[in-house]
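Take a look at the structure set out below.
Counting starts at 1 for both ligands and their atoms, in listed order. Every heavy atom of this structure was used, including side-chain atoms; hydrogens, water molecules and symmetry mates were not. Throughout, residue positions are numbered sequentially from 1 according to the sequence presented.
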Amino acid sequence: MTDLSAPLPTYAGVQSAAARLAGVAHRTPVLTSTTMDESLGASLYFKAENYQRMGAFKFRGAYNALSRFTPTQAAAGVLAYSSGNHAQAIALSARLLGMPAVIVMPEDAPVAKLAATRGYGAEVVLYDRFSEDREAIAARLAQERGLTLIPPYNHPHVMAGQGTAVAELLEDVPDLDVLFVPLGGGGLLSGSLLAAKALAPGCKVYGVEPAAGNDFQQSLRSGKIVKIETPKTIADGAQTQAAGDLTFAVVRQLVTDIVTATDEQLVDALRFYAERMKIIVEPTGALSLAAAQNSGIDIKGKKVGILISGGNVDIAKYGEFLSRGL
Ligand SMILES: *Cc1c(COP(=O)(O)O)cnc(C)c1O
């Protein structure tokens, strides 16, 4: 996993990604809520990446990475292993760029996710999570077919692409005091930090992990990457076991702190988004608001950015969250 030859991305990389994404990714809206502003005594600005193409910010990093393939790489195609938003982001980006995509997914992945990934034109290779090793399968496919593997977060072009969402937010609201960003493997947070450091150096930036899976918080405290068991949480986009070496290097240098939110707090935030703001947010996407509400960080009288990272949620499960909690 460690690739010491890979340079850390910089803000110039974020700007370059923004140029690639112009006219391809949506410039998502920044929403406000008087109700939440009054409740928290602050001014909140919600960057709505649930309205991004394929329903999450991950399109930004995937497209940026694929758009930089050499002609030889593009002709052979891209490989990813994921059952979540990264799979759909790679599949859609590959289709837009006219290259083949192979996605390795567990055979018990949700049917809707398999269908969505195939719907974007990707070839799905299934494996048995209990008896087969997806990394070995991916390595074999990459070798046999000359595919280029794009990981979901630990890659300079992915990290730089993810940073374009916060760059847009800070263009629209230049003087944010505080920013909350959902955190899994750290691609989104590291890109966001590069953008914030360049555009709003005084802004405090917090990563928000699920309380059940605070590996990044532990890593930050101990100064080295801590690996945990796959956490049990409804925030399925942040069920990562460990930071990447590249994401960790950027985050530990620039982040203000990492805080956590519980599943109960996420459900409350989902309800608020649905009832008051009329928007569908996935549990991982609600980490940022849950932290603004519950983390104890002083936001009174401040301008606060809330990154809503995505809106892809199984609709039956979503109904359960709204109607009877967990
Ligand atoms: C992937 C994902 C995250 C976490 O992003 P990282 O770059 O892994 O930290 C957060 N929210 C959603 C909706 C995601 O799909």
Side-chain angles (χ1 to χ4, degrees), residues 9 14 17 28 46-62 64-65 80-92 110 113 116-117 150-166 180-195 205-210 213-217 219-220 225 230-231 233-248 250-252 255 258-261 266 269-270 273 279-291 306-314 318:
V14 179
T28 52
F46 298 87
K47 178 66 171 168
E49 285 293 296
N50 53 318
Y51 293 136
Q52 187 49 262
R53 294 186 80 159
M54 55 61 58
F57 73 91
K58 282 213 174 62
F59 177 69
R60 296 173 181 268
N64 185 47
Y81 45 83
S82 162
S83 52
N85 287 332
H86 180 61
Q88 289 169 60
I90 291 286
L92 174 59
K113 292 209 160 145
T117 307
I150 295 296
Y153 50 86
N154 202 44
H155 186 290
H157 297 154
V158 172
M159 294 157 71
Q162 317 305 31
T164 58
V166 162
F180 292 100
V181 179
L183 171 58
L188 180 61
L189 180 59
S190 53
S192 301
L193 286 164
L194 294 171
V205 182
Y206 295 90
V208 190
E209 279 184 307
N214 70 332
D215 62 284
F216 227 120
Q217 190 182 51
S219 302
L220 191 68
I225 295 174
T230 300
T233 167
I234 60 170
D236 56 350
Q239 280 179 313
T240 39
Q241 293 179 271
D245 55 341
L246 303 178
T247 58
F248 184 61
V250 173
V251 169
R252 74 184 296 196
V255 79
I258 294 173
V259 297
T260 62
L266 293 179
L270 292 188
Y273 279 131
I279 59 175
I280 296 179
V281 177
E282 63 181 277
T284 316
L287 282 163
S288 42
L289 175 59
I306 305 288
L307 202 130
I308 300 175
S309 52
N312 291 330
V313 53
D314 178 86
Y318 181 69

query = Distance from Tyr153 atom OH to Thr240 atom OG1, nearest 0.5 Å?
reply = 5.5 Å

key: Element-labelled atoms of ligand 1 that are located less than 4.0 Å from some non-hydrogen atom of Gly310   = 13 (C)

query = Quick one: which ligand 1 atoms are inside 4.0 Å of a heavy atom on Asn85?
reply = 13 (C), 14 (C), 15 (O)

Ligand 1 atoms in contact with Gly237 (distance to a heavy atom under 4.0 Å) = 1 (C), 2 (C), 3 (C), 4 (C)

Enumerated ligand 1 atoms positioned under 4.0 Å from heavy atoms of Phe57 = 1 (C), 2 (C), 3 (C), 5 (O), 10 (C), 11 (N), 12 (C), 14 (C)

key: Ligand-residue contact atoms, ligand 1 with Gly186, heavy atoms, under 4.0 Å   = 6 (P), 7 (O), 8 (O), 9 (O)

request  = Show which atoms of ligand 1 fall inside a sub-4.0 Å distance from at least one heavy-atom site of Gly187.
outcome  = 6 (P), 7 (O), 9 (O)

Side chain Thr247, main chain Gly186, donor-acceptor under 3.5 Å = no

key: Side chain, backbone, both or neither: the part of Glu282 lying under 4.0 Å from ligand 1 by heavy atom   = side chain

message = Any heavy-atom pair between the side chains of Ile308 and Glu49 that's under 4.5 Å?
response = no

key: Nearest-neighbour protein heavy atom for atom 8 (O) of ligand 1, which is reported as residue plus atom name and distance   = Gly185 N, 2.8 Å

note = Across all chains, not counting sequence neighbours, the side chain to side chain contact (heavy atoms under 4.5 Å, CB included) partners of Ala80 are His86, Ile90, Ile103

request  = For ligand 1, find out whether one of its N or O atoms is nearer than 3.5 Å to an N or O atom of Gly285.
outcome  = no

key: Any Lys47 side-chain heavy atom under 4.5 Å of Thr28 side chain   = yes

query = Is Gln217 reaching over with its side chain to a backbone N or O of Ile258, donor-acceptor style, under 3.5 angstrom?
reply = yes

message = Using a 4.0 Å cut-off to any heavy atom of Ser309, which atoms of ligand 1 qualify?
response = 10 (C), 11 (N), 12 (C), 13 (C)

task = Calculate, to the nearest 0.5 Å, the distance between atoms CE and CG belonging to Met54 and Leu92 respectively.
result = 7.5 Å

remark   = The answer for which part of Lys58 has a heavy atom under 4.0 Å from ligand 1 is side chain

query = Atom CZ of Phe216 and atom CG of Leu189: how far apart are they, to the nearest 0.5 Å?
reply = 6.5 Å

